[in-house]
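Worksheet for the structure shown next.
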There are 2 protein chains.
Amino acid sequence: MEEVRRRDREGTRQRILDAARRLFADLGYDHVTMRLIAAEADANIALINRYFGSKRELFAEVIAMQGRFPGVLEGPGEGLPRRLAEYVADRLRSDRSSPVMAALSRSSASPEIHGIIKDRVNSAIMEPLAARLSGEDARMRASIATALITGAGTLRQLYGPEALDGPAYEAVVARLTRIFEVCLEG
Amino acid sequence: MEEVRRRDREGTRQRILDAARRLFADLGYDHVTMRLIAAEADANIALINRYFGSKRELFAEVIAMQGRFPGVLEGPGEGLPRRLAEYVADRLRSDRSSPVMAALSRSSASPEIHGIIKDRVNSAIMEPLAARLSGEDARMRASIATALITGAGTLRQLYGPEALDGPAYEAVVARLTRIFEVCLEG
DNA sequence: TAAGTTAGTAGACGCTCGTTTACTTCGTCA
DNA sequence: TGACGAAGTAAACGAGCGTCTACTAACTTA
């Protein structure tokens, strides 16, 4: 009954990348082991380092994949607080929406990859957000918004999908929209 | 020149506890090793488990120590947003103010201590904060405030003490105060 | 079909982790 | 003074980690 494995370099590479993205998002950098990635990808552990060099470089490649977040920053400026609010509310109830952001906030305490995370937060959130803001202290306001976004991830991790299960989705979005308005206005 | 160590059970226990509090706040649960705690406390590694049982139980004892945060929630209700804003602004510039909170947000991805952290966030922040709020969705508003507080810790960890070094301290506090007002009002 | 390239595999390497055991030394009190 | 309890110590345990090497077997090409 043993299935004979077909050789497929690109396919195997992709399976490893997919498994790593899922696991890093769920568990964070430290708690994902090479053997766990290999098992989840149904691939041999030695192939991970052959295709990606090291665990650190694999994480860097996962993080470099664009998540959904860039979509939030596009579009008209007036709807930005609302789109940020929807993004945060989505993250709070179902996690799967942005695995890259989840991996970022779950791995921020690992010194080995600190630079990778900092660069990605800078280039994907902080800088594009600050560039959209006018008035003084644009970077400060962008930082507070970033804190709220990442904090939502931590909260979700702590309490699970039912972190905010009481109120209706629309009430959460409305509250967050007003907060982001106050946060971002010049 | 070798100093002869005096036997001092309580003193050694306290040195271990202090070292653990510092290290857990700086590095998070996973990246603090028993040997690191022993070296920082200038104590033998075997004494840690003799006095505290295990690394996990030592962490629980560190977390159970009351930090400065309860002071924020006391006092008149009208000044609450301002006090929360000052607390968050303090955390963003100098870290030492609340080691327990720092340890919490830096260890939130460790499944081994998930229950400890969740219980502490609940009893020290979420529930007392929600109890102070009137109107509907008190818990939702408390959760958003908690997300902002913990997110500030993550930001601080990512960017260091200069996370918000541009603007004046007062400007940061003013902005955060307005955000917490919008966040908490019924 | 034979030779060469390369995807895939098994297993070990050196290291660090939390924890534990066996032991030594200090201090106290009969 | 001598015995005993306890504080402190050194070293090892087994397990898990990321990484690497030697090997097998599938596909390609001449």
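Protein chains get the first letters and strands the later ones, always in sequence-line order, with residue 1 at the start of each.
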Hey, what's the ring geometry for A/Tyr29 with A/Phe24, parallel, tilted or perpendicular (30° and 60° as the breaks)? parallel

So, are A/Asp18 and A/Arg15 salt-bridged, with charged N and O less than 4.0 Å apart? no

Write down the distance between CD1 (B/Ile37) and C1' (C/dG18), rounded to a whole number of angstrom. 11 Å

Is it the case that D/dA6 (base atoms only) and B/Arg7 (side chain only) share a donor and an acceptor within less than 3.5 Å, ignoring hydrogens and angles? yes

For nucleotides 10-17 of chain C, give me one character per nucleotide, 5' to 3': B if any protein heavy atom sits under 4.0 Å from the base, S if the only such contacts are to the sugar-phosphate, - if neither. B-B----B

Closest-nucleotide ordering on DNA chain C, the 5'-leading residue of B/Arg50 and B/Ser54: B/Ser54

How close or far is atom C1' of D/dT19 from atom CD of A/Glu57, stated in whole angstroms? 12 Å

Can you see whether B/Ser98 engages B/Tyr87 through a side-chain donor-acceptor pair at a distance of less than 3.5 angstrom? yes

I need the CZ-C1' distance between A/Phe59 and D/dC17, as an integer number of Å. 18 Å

How long is the line joining CZ of B/Arg9 and C1' of D/dT9, in whole Å? 16 Å

When rounded to whole Å, the CD to C1' distance for the pair A/Glu112 and D/dG18 reads 9 Å

Decide side chain to side chain contact (heavy atoms under 4.5 Å, CB included) for B/Ile149 and B/Met101; before the verdict, give the C-alpha distance in whole Å, the side-chain angles of both, and the deciding distance to 0.1 Å. CA-CA 9 Å; B/Ile149 292 166; B/Met101 275 299 299; 3.8 Å; yes

Whole angstroms only, please: what is the CG-P distance between B/Asn49 and D/dC13? 18 Å

Salt bridge (Lys or Arg N to Asp or Glu O under 4.0 Å) assessment of B/Arg132 paired with B/Glu78: CA-CA 11 Å; B/Arg132 277 186 141 279; B/Glu78 51 179 323; over 6 Å; no

Of the nucleotides C/dT20, C/dT6, C/dG8, which one has an atom closest to the side chain of A/Tyr51? C/dG8

note: A/Leu47, atom CG; D/dT24, atom C1'; distance rounded to Å ~ 13 Å

Once you round it to whole Å, what is the distance between P of D/dT19 and CD1 of A/Ile48? 10 Å

OP1, OP2 of D/dA7 versus side-chain N and O of B/Thr12: anything below 4.0 Å? no

Distance-only side-chain donor-acceptor flag, A/Thr12 / A/Tyr51, under 3.5 Å: no

If you measure from CG on B/Leu184 to OG on B/Ser134, what distance do you get to the nearest 0.5 Å? 10.5 Å

